[in-house]
Amino acid sequence: RKEVEQDPGPFNVPEGATVAFNCTYSNSASQSFFWYRQDCRKEPKLLMSVYSSGNEDGRFTAQLNRASQYISLLIRDSKLSDSATYLCVVIKTGNTPLVFGKGTRLSVIA
Amino acid sequence: DAGVTQSPTHLIKTRGQQVTLRCSPKSGHDTVSWYQQALGQGPQFIFQYYEEEERQRGNFPDRFSGHQFPNYSSELNVNALLLGDSALYLCASSLVLSTTEAFFGQGTRLTVV
């Protein structure tokens, strides 16, 4: 079983739609969780950290369920500029390597 | 404040050749990690350097080696290139071995023919 699993998509949604991605992780000792965004042929960039209490940043909401070992990302009111690959990232402790999922590709269509 | 810079941006090599990729970390960062991202995959950890020593290593063969210099910049060397080494190679810098605040360079796209 892979350490971090994501549905690769693609998710094709119209502008204004709400879309949700899930990610599961296998190592119950994992302590930190993130969503990264990667545009085509560019480097990954941190979108947001994910906390047990859930957190929101504008149109983006991230949730963590430790009991079920999954992480979610919700994007409301999708924009064309949200089109990208969203990478789920897990680490055990602050100095262990980032473990990436394969990414979920999102295309927002006009 | 310069971010993480990598060179070259693109590279084409022949099977069996050797390649060196370079990374300058973000100003103030002292830890460099290297990742390999094959097409359609997430980045995979290769190794991490801190205080000029390899501190952690992922599941990559010895053909992959690295170095960190006193100014914290780093090199990734790959010997005896295989077609399967074609990928985007990403450098991430952070502070004092922490990976929670990692910043990525734009990557080097290596094509092996």
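A note on names: the letters A, B, ... follow the listed sequences, proteins ahead of strands, and every chain is numbered from 1. All values below come from the heavy atoms of this structure, side chains included, with hydrogens, waters and symmetry mates left out.
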Crowded around B:F69 CZ? As in, over 12 foreign heavy atoms under 6.0 Å? yes
Atom OG1 in A:T96, atom CD in B:Q48: separation rounded to 0.5 Å? 9.0 Å
Does any heavy atom of chain A fall under 4.5 Å from the side chain of B:F104, the backbone, both, or neither of them? both
With a 4.5 angstrom heavy-atom cut-off, could you sort out which part of B:Q6 is near chain A: side chain, backbone, both or neither? neither
Given heavy-atom pairs under 4.5 angstrom as the criterion, report whether the side chain, backbone, both or neither of A:R41 touches chain B. both
Check: B:Y35 and A:P97 side chains under 4.5 Å, non-hydrogen atoms: yes
Which atoms of A:L87 are under 4.5 Å from chain B, going by heavy atoms: the side chain, the backbone, both sets, or neither? side chain
Nearest 0.5 Å, please: how far is CZ in A:F100 from CD in B:Q41? 13.0 Å
Is chain B contacted by the side chain of A:Q38, its backbone, both, or neither, given a heavy-atom distance below 4.5 Å? side chain
Counting heavy atoms not belonging to B:N71, are there more than 12 under 6.0 Å from its CG? yes
For a quick test of reading the model, state the closest non-hydrogen atom pair linking A:K42 to B:L88 and the distance between them. O-CD2, 4.2 Å
Counting neighbours of CG on B:L39 that are heavy atoms of other residues, nucleotides or ligands and sit closer than 6.0 Å, is the number greater than 12? no
More than 12 heavy atoms of other residues, nucleotides or ligands under 6.0 Å from NZ of B:K13: is that the case? yes
Neighbour count >12 (heavy atoms, 6.0 Å) for atom CD1, B:I12: no
More than 12 heavy atoms of other residues, nucleotides or ligands under 6.0 Å from CZ of A:F60: yes or no? yes
Contact winner vs chain A - B:P43, B:G105, B:G58, heavy-atom pairs under 4.5 Å: B:P43
Heavy-atom neighbours of A:E3 CD exceed 12 at 6.0 Å: no
